[in-house]
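Take a look at the structure below.
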Amino acid sequence: MSSPVVTRFAPSPTGYLHIGGGRTALFNWAYARHTGGKMLLRIEDTDRERSTAEAIDAIIEGLTWLGLDWAGEPVSQYGRAERHRQVAEELLAQGKAYRCYCTPEELEAMRAKAEAEKRPIRYDGTWRDRTPSEAPAGVKPAIRFKAPQQGETVIEDAVQGRVVIPNKDLDDLIILRSDGNPTYNLSVVVDDHDMGVTHIIRGVDHLTNAARQIQIYRAMGWRVPHMSHIPLIHGPDGAKLSKRHGALGVEAYRAMGYLPEAMRNYLARLSWSHGDDEIFSTEQLVEWFDLDAIGKSAARFDFAKLENLNGHYIRHMPDDKLLMSFIDFLPHAEGGKAMKAKIDEAMMAKLLRALPGLKERAKTLVELKNGAQFLFAERPLPMDDKAQQIIKDGGAEVLAGVVPVLAQVSNWHAHDLETAVKSHAEAAGLKLGKVAQPLRAALTGASTSPGIFDVLEVLGREESLARLRDQASS
RNA sequence: GCGCCCUUCGUCUAUCGGUUAGGACGACAGCCUUUCACGUUGUAAAGACGGGUUCGACUCCCGUAGGGCGCGCCA
């Protein structure tokens, strides 16, 4: 029996949880679930300049919205700095690291020179073999890892396969800054080791870091975790979906009206697949998810497909559940707070009754919100351009004819209303559409809506007749 | 510049040497229809290029081109 799987999601809190991070978290989560293991959350906050408490909150909220959870409390990497320092000292004591007295300015000059001469940009090992006695006075040293210079470092990656990096291309990285703070590559290794992480699943942008980290694991005599470097998500143009290029935080997707279940389904299908399966539940994802089905090429983010998937989830969600999702969504939508304030028991009932007709027409919760607008509107109803046109083009007269008919319907239900309107249309020699559109315009203020008889029923007799009379010619 | 990775319809992908290269989104067309949708039927649409290996390559190897990632006292 092998030990239980431990994965981790380790974002740096320098901004919101972007969509690529969300998928990395999803893969870690799904793999942990699939194997009966657990996922840990570690906040990589060692960069004190850029890490913020707001970002931590945004990440946690984003993960929570996505429906991803983790075992235990989030770990602060910065909080473990003392331990990282100890490891750096240990490496130093063992001769596997050394003090480097180069100043940042010198290093910058070194890089500039290398670039100008079109040489690989690498630390030249100035202090690798010098003795501390040669140290310049007044310069605080950083500690560098003494990386092997010959041979190669092999990454056995579940996704990338066997990746071989020549050691000559990996220079001596700083593991402890001159101010005594550990750097990323050291902290990651120490934390993953101490936290018992068995499987590292992260973006391929960390692939070369993996090589350096493996060298540190070796130097410490620690076991190297299983690694999976997953492809990045690109924008529609093929370029990296970076923060600078319009990459959005998961909260933006929430505001755009996407359902977490749809996001999970969509994200799961980026660089991962299970045969021809396109739409599947999170339970199925957990059941099916495995590392060997992850592809190596980057995927482009496609809003059209996300939207299609989202529409599917909206349509198939039970009405009561959808209503709850809708109400939870409202505060995040434009003008949604005002709508939410209007939701009382009666409105809940109306929404629930209207939802079957509404959800067929909505691909996002924003569209659902817009579609439901007519339920919240108050007389006199605001009318959009098309609706006004319908009323003007003879609609008002049609309404004048049909209102008395509707007023006589004793049982105000869709079926009876339909019977009444249809026979009226027939008697008047009008096609049903000629009657339905004016009704729709007057009732909803728009030219599109759910089935008109359902609209009449949901609005109720009094409100319906009042709205119709507002627009009927006298 | 150096290193690593990638390349099947516009997009996401299936294919693990032998298929009429399949599915999904999107597009287009038809049907349904009180609007818009939904639903449904159908159509168009792909192995980057060039060499090998093989009886046989989308699949294996090499090269070319294009793309991505990395090369901080950032993570």
Side-chain angles (χ1 to χ4, degrees), chain A residues 10-14 44-47 49-51 77 100 102-104 107-108 111 114-123 140-144 155 157 160-161 163-166 168-171 173-179 181-185 187-188 203-209 211 229 231-232 234 236 238-240 266 269-279 295-309 311 315 357-363 367 371 386 390 418 421-422 425 431-437 439-441 444 446-453:
Chain A
S12 61
T14 54
E44 313 238 306
D45 52 357
T46 54
D47 185 339
E49 305 275 307
R50 297 195 295 160
S51 298
Q77 187 160 65
C100 170
C102 287
T103 64
L107 294 173
E108 184 47 48
R111 271 191 290 274
E115 195 170 356
E117 294 172 6
K118 304 212 181 234
R119 285 196 342 264
I121 302 162
R122 240 161 263 141
Y123 175 66
K140 278 202 166 175
I143 296 181
R144 282 185 188 269
I155 306 161
D157 195 283
Q160 301 295 327
V163 179
V164 181
I165 312 271
K168 65 176 172 55
D169 295 321
L170 268 14
D171 58 5
L173 78 176
I174 288 174
I175 53 177
L176 203 67
R177 297 181 176 95
S178 50
D179 67 2
N181 283 126
T183 60
Y184 169 76
N185 279 300
S187 299
V188 168
V204 265
D205 48 337
H206 285 288
L207 194 61
T208 35
N209 284 329
H229 288 89
L232 304 179
H234 288 176
K240 186 185 177 183
Y266 177 70
R269 286 287 290 100
L270 259 28
S271 294
W272 178 83
S273 63
H274 183 263
D276 281 339
D277 294 306
E278 294 288 348
I279 294 173
K296 293 165 89 168
S297 43
R300 297 185 188 199
F301 196 88
D302 181 13
F303 271 103
K305 188 157 182 179
L306 204 212
E307 199 156 287
N308 169 274
L309 222 37
R315 269 177 265 125
L358 251 19
K359 70 183 186 181
E360 287 296 317
R361 295 163 172 78
K363 290 206 269 301
E367 290 180 7
K386 284 181 184 167
I390 290 168
E418 180 168 357
V421 171
K422 276 189 173 165
K431 290 184 76 172
L432 186 51
K434 287 288 175 196
V435 182
Q437 279 307 83
L439 284 174
R440 194 182 319 278
T444 69
S447 58
T448 68
S449 81
I452 200 62
F453 305 112

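Quick note on labels: first sequence line is chain A, next is B, and so on, each numbered from 1. The figures that follow rest on heavy atoms only: side chains count, while hydrogens, waters and symmetry mates do not.
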What does [N] pair with, Watson-Crick or G-U, if both distances are under 3.5 Å?
{"N": "B:G70", "result": "B:C2"}
{"N": "B:A45", "result": "none"}
{"N": "B:G10", "result": "B:C25"}
{"N": "B:U40", "result": "B:G30"}
{"N": "B:G50", "result": "B:C62"}

With a 3.5 Å cut-off and just heavy-atom distances, do the side chain of A:D277 and the base of B:A24 make a donor-acceptor pair?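 No such pair is found, so the answer is no.
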
Counting just side-chain N and O atoms, does [X] come under 4.0 Å of either OP1 or OP2 of [N]?
{"X": "A:S271", "N": "B:U13", "value": "yes"}
{"X": "A:S273", "N": "B:A14", "value": "yes"}
{"X": "A:K296", "N": "B:C6", "value": "yes"}
{"X": "A:R269", "N": "B:C25", "value": "no"}

May I ask you to say whether A:R122 pairs ionically with A:D169, meaning some side-chain N is under 4.0 Å from a carboxylate O?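 Counted as a salt bridge, because a side-chain N and a carboxylate O are separated by less than 4.0 Å.
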
Under a 4.0 Å N-O cut-off, is there an ion pair linking A:R269 with A:E278?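 The answer is yes: the pair qualifies as a salt bridge.
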
Interatomic distance, A:L306 atom CG to A:K363 atom NZ [nearest 0.5 angstrom]: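 Nearest 0.5 Å value for the CG-NZ distance: 12.5 Å.
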
